[in-house]
Amino acid sequence: MPELPEVEIVRRGLERVFARGPIARVEQRRHALRFAFPEGFAKRLAGRRVQSLRRRAKYLIADLDDQQALIMHLGMSGSFRVERAAEPSSLHHPLRVDRAHDHVVFHLDGGIRVIYNDPRRFGFMSLALRADLSSHPLFAGLGIEPLGPDMSAAALAAALSGRKAGLKSALLDQRTIAGLGNIYVCEALHRAKLSPLRAAGNLVAATGKPKPALVRLKAAIQEVLRDAIDAGGSSLRNHRQTDGSLGKFQHSFRVYGREGEACAAPGCRGRIVRIVQAGRSTFFCDACQK
DNA sequence: CTGTGTTCCTGTTCGC
DNA sequence: TGCGAACAGGAACACA
């Protein structure tokens, strides 16, 4: 489910909740999600205050007041919702909440609960020392942060140089650029008018400098991510803002899930097609994306 | 090193 | 309406 914009929306919502006070206690209802929880997980969080809640790629990182960091990933179907003692029902949730998949509950003072739900259990939580994060296996190999200070056409050129994989596959690879998923790769490529099938290394000149197409792609990636964040993310099935409201960016998709529809690019008479690359659906317009 | 296929798990949608 | 197949926003891992 969640790609960078959705994780960022969740981060903003949870940041406000955790700022209210320390984690009184944690209910851990399973031994494992995608990976086993670390030893003593719930106990190590009890009484801790979240000093800051950061995002790197699709990871949430909660810096705790004891040098630990809580690392969370939502996988395909993870979501958080916030409930208060006075309103246990989910009136704000347009779709029903399946409590069977509530795996972790963070209890804050005043009856506030932050609940992690994940039907497919591809998400996970872990603990690490904050000082070890940059060398942590989960983070050491991650590529460019698309909305971070190091994002540039030149940085993309360095990451794509010599790569023979299709642009789609290269951009989905978190070691190249970290945070894009299937939706936003498709949408960014359409905005940049680039074919997902084009060899990634082809956007880099022999000198190692970015070709104009790559400059376009860099701008398209940032634009689509910012637009999506501004819209509260994309809600296809699971994604909610932490107050339960839906994201709106799915209404702005130009290619994702629009197989057979007319291309929305001005002056283009093409239709959106769906192909499969590396086992994932790719949506694009083969008339204007070259 | 690079690229691709498989796998984890459950829920929803689609075609017959 | 029922039922199996296909598919779903991620990414670690095995393998050619």
Side-chain angles (χ1 to χ4, degrees), chain A residues 1-10 29-36 55-60 71-80 95-103 116-126 136-143 158-188 196-202 204 224-225 228-229 231-241 246-253 255-260 274-283:
Chain A
M1 150 203 175
E3 305 182 30
L4 187 154
E6 291 73 38
V7 177
E8 176 61 22
I9 291 299
V10 171
R29 298 182 175 170
R30 302 188 64 92
H31 166 70
L33 294 173
R34 175 166 194 175
F35 306 120
R55 178 189 57 72
R56 168 71 168 117
K58 301 171 197 169
Y59 292 92
L60 291 169
I71 301 164
M72 298 178 281
H73 194 291
L74 304 178
M76 288 274 251
S77 60
S79 66
F80 281 98
L95 304 180
R96 85 189 149 73
V97 175
D98 185 356
R99 292 171 188 278
H101 301 295
D102 288 351
H103 304 307
Y116 179 69
N117 181 287
D118 187 354
R120 292 176 75 177
R121 304 203 300 275
F122 286 170
F124 62 90
M125 296 189 187
S126 187
H136 194 285
L138 291 171
F139 300 106
L142 285 181
L160 296 178
S161 177
R163 301 274 297 270
K164 298 216 167 84
L167 259 183
K168 163 75 182 310
S169 304
L171 295 177
L172 264 187
D173 185 340
Q174 303 297 297
R175 295 168 299 187
T176 309
I177 181 168
L180 301 179
N182 210 27
I183 292 176
Y184 296 105
V185 166
C186 291
E187 293 297 318
L197 296 164
R198 184 159 160 178
N202 181 263
V204 183
V224 75
L225 294 177
I229 291 170
S234 303
S235 291
L236 292 187
R237 9 190 127 218
N238 298 293
H239 173 64
R240 292 292 121 75
Q241 308 193 48
L246 292 164
K248 296 183 173 60
F249 194 70
Q250 65 278 13
H251 304 304
S252 300
F253 290 169
V255 290
Y256 188 84
R258 307 192 87 94
E259 182 179 13
R274 172 182 173 274
I275 62 172
V276 175
Q277 286 179 283
R280 314 286 303 276
S281 287
T282 296
F283 298 90

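Order of the sequence lines fixes the chain letters, A, B, ..., with proteins taken first and strands second; residue numbering starts at 1 for each chain.
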Query - Short side-chain N/O contact to dG10(C) OP1/OP2 from His73(A), under 4.0 Å - result: no

Report summary line: Taken to the nearest whole Å, CD/Gln174(A) to P/dA12(C) is 8 Å

Report summary line: Sorted by chain and residue number, the salt bridge (charged side-chain N to carboxylate O under 4.0 Å, His left out) partners of Arg258(A) (sequence neighbours excluded) come out as Glu261(A)

Query raised in the report: Could you give the CZ-to-C1' distance, from Arg120(A) to dT7(B), as a whole number of Å?
Result: 11 Å

Report summary line: With sequence neighbours left out, the residues meeting salt bridge (charged side-chain N to carboxylate O under 4.0 Å, His left out) with Arg120(A) are none

Query - Phe124(A): partners by ring-ring contact (aromatic ring centres under 6.0 Å, His included), with sequence neighbours left out - result: Phe35(A), His73(A)

Query raised in the report: What is the distance, rounded to the nearest whole Å, between atom CG of Asp118(A) and atom P of dT10(B)?
Result: 11 Å

Report task. May I ask you to say what Phe253(A) touches in the nucleic acid, namely base, sugar-phosphate or nothing, with a heavy-atom cut-off under 4.0 Å? Result -> nothing

Report task. Using distance alone, with no hydrogens and no angle criterion, decide if Ser281(A) and Arg274(A) have a side-chain donor and acceptor under 3.5 Å apart. Result -> yes

Query raised in the report: Tell me, do Lys168(A) and Leu197(A) make a side-chain contact under 4.5 Å, heavy atoms counted?
Result: no

Requested in this report: Kindly write out the residues that satisfy salt bridge (charged side-chain N to carboxylate O under 4.0 Å, His left out) with Arg198(A), not counting sequence neighbours, or none if the list is empty.
Outcome: none

Query raised in the report: Just to confirm, is there a sub-4.0 Å distance from OP1 or OP2 of dA8(C) to any side-chain nitrogen or oxygen of Ser281(A)?
Result: yes

Requested in this report: With sequence neighbours excluded, tell me which residues meet side chain to side chain contact (heavy atoms under 4.5 Å, CB included) with Ile9(A).
Outcome: Ile229(A), His239(A), Gln241(A)

Query raised in the report: Can you tell me how far P of dA12(C) sits from CZ of Arg121(A), to the nearest Å?
Result: 19 Å

Requested in this report: Mind calculating the distance between CG (Leu236(A)) and C1' (dG11(B)) to the nearest angstrom?
Outcome: 14 Å

Query raised in the report: Can you check whether Phe122(A) stacks with the dA11(C) base, using ring centres under 5.5 Å and planes within 30°?
Result: no

Report task. Report the nucleotide, chosen from dA12(C), dG10(C), dC7(C), that has the shortest atom-to-atom distance to any side-chain atom of Arg274(A). Result -> dC7(C)

Query - Distance in angstrom units between Leu142(A) CG and dA11(C) C1', rounded - result: 11 Å

Report task. If a pair satisfies salt bridge (Lys or Arg N to Asp or Glu O under 4.0 Å) and one of its residues is in residues 173-183 of chain A, list it, with sequence neighbours excluded. Result -> Arg163(A)-Asp173(A), Asp173(A)-Arg175(A)

**Report entry** All ring-ring contact (aromatic ring centres under 6.0 Å, His included) counterparts of Tyr256(A), not counting sequence neighbours
**Finding:** Phe253(A), Phe283(A)

Report task. Go through the structure and list residues passing side-chain hydrogen bond (donor to acceptor under 3.5 Å, both in side chains) with Arg34(A), not counting sequence neighbours. Result -> none

Query - Secondary-structure notation, DNA chain B, from Watson-Crick and G-U pairs under 3.5 angstrom (| other strand) - result: .|||||||.|||||||

Report task. May I ask you to evaluate whether His101(A) reaches the phosphate of dG11(B), defined as a side-chain N or O under 4.0 Å from OP1 or OP2? Result -> yes

Report task. Please tell me if the side chains of Leu225(A) and Leu180(A) come closer than 4.5 Å, counting only heavy atoms from C-beta onward. Result -> yes

What N/O pairs connect the protein and nucleotides 14-16 of chain B at under 3.5 Å? Give each pair on its own line.
none

**Report entry** Value in whole Å for how far the C1' atom of dG10(C) lies from CG of Leu171(A)
**Finding:** 16 Å

**Report entry** Between dG10(C) (C1') and Phe124(A) (CZ): distance, integer Å
**Finding:** 10 Å

Query raised in the report: How far does the P atom of dC3(C) sit from the matching atom of dC9(B), given to the nearest Å?
Result: 25 Å

Report task. Under the salt bridge (charged side-chain N to carboxylate O under 4.0 Å, His left out) rule, collect the residues that match up with Arg29(A), sequence neighbours excluded. Result -> Glu27(A)

Any protein N or O atoms within reach of nucleotides 2-6 of chain B? Criterion: under 3.5 Å, listing atom names and distances.
from	atom 1	to	atom 2	distance (Å)
dG3(B)	OP1	Lys164(A)	N	2.7
dG3(B)	OP1	Ala165(A)	N	2.9
dG3(B)	OP2	Arg163(A)	NE	2.8

Requested in this report: Pick base, sugar-phosphate or nothing for Tyr256(A), based on heavy-atom distances below 4.0 Å to the nucleic acid.
Outcome: sugar-phosphate

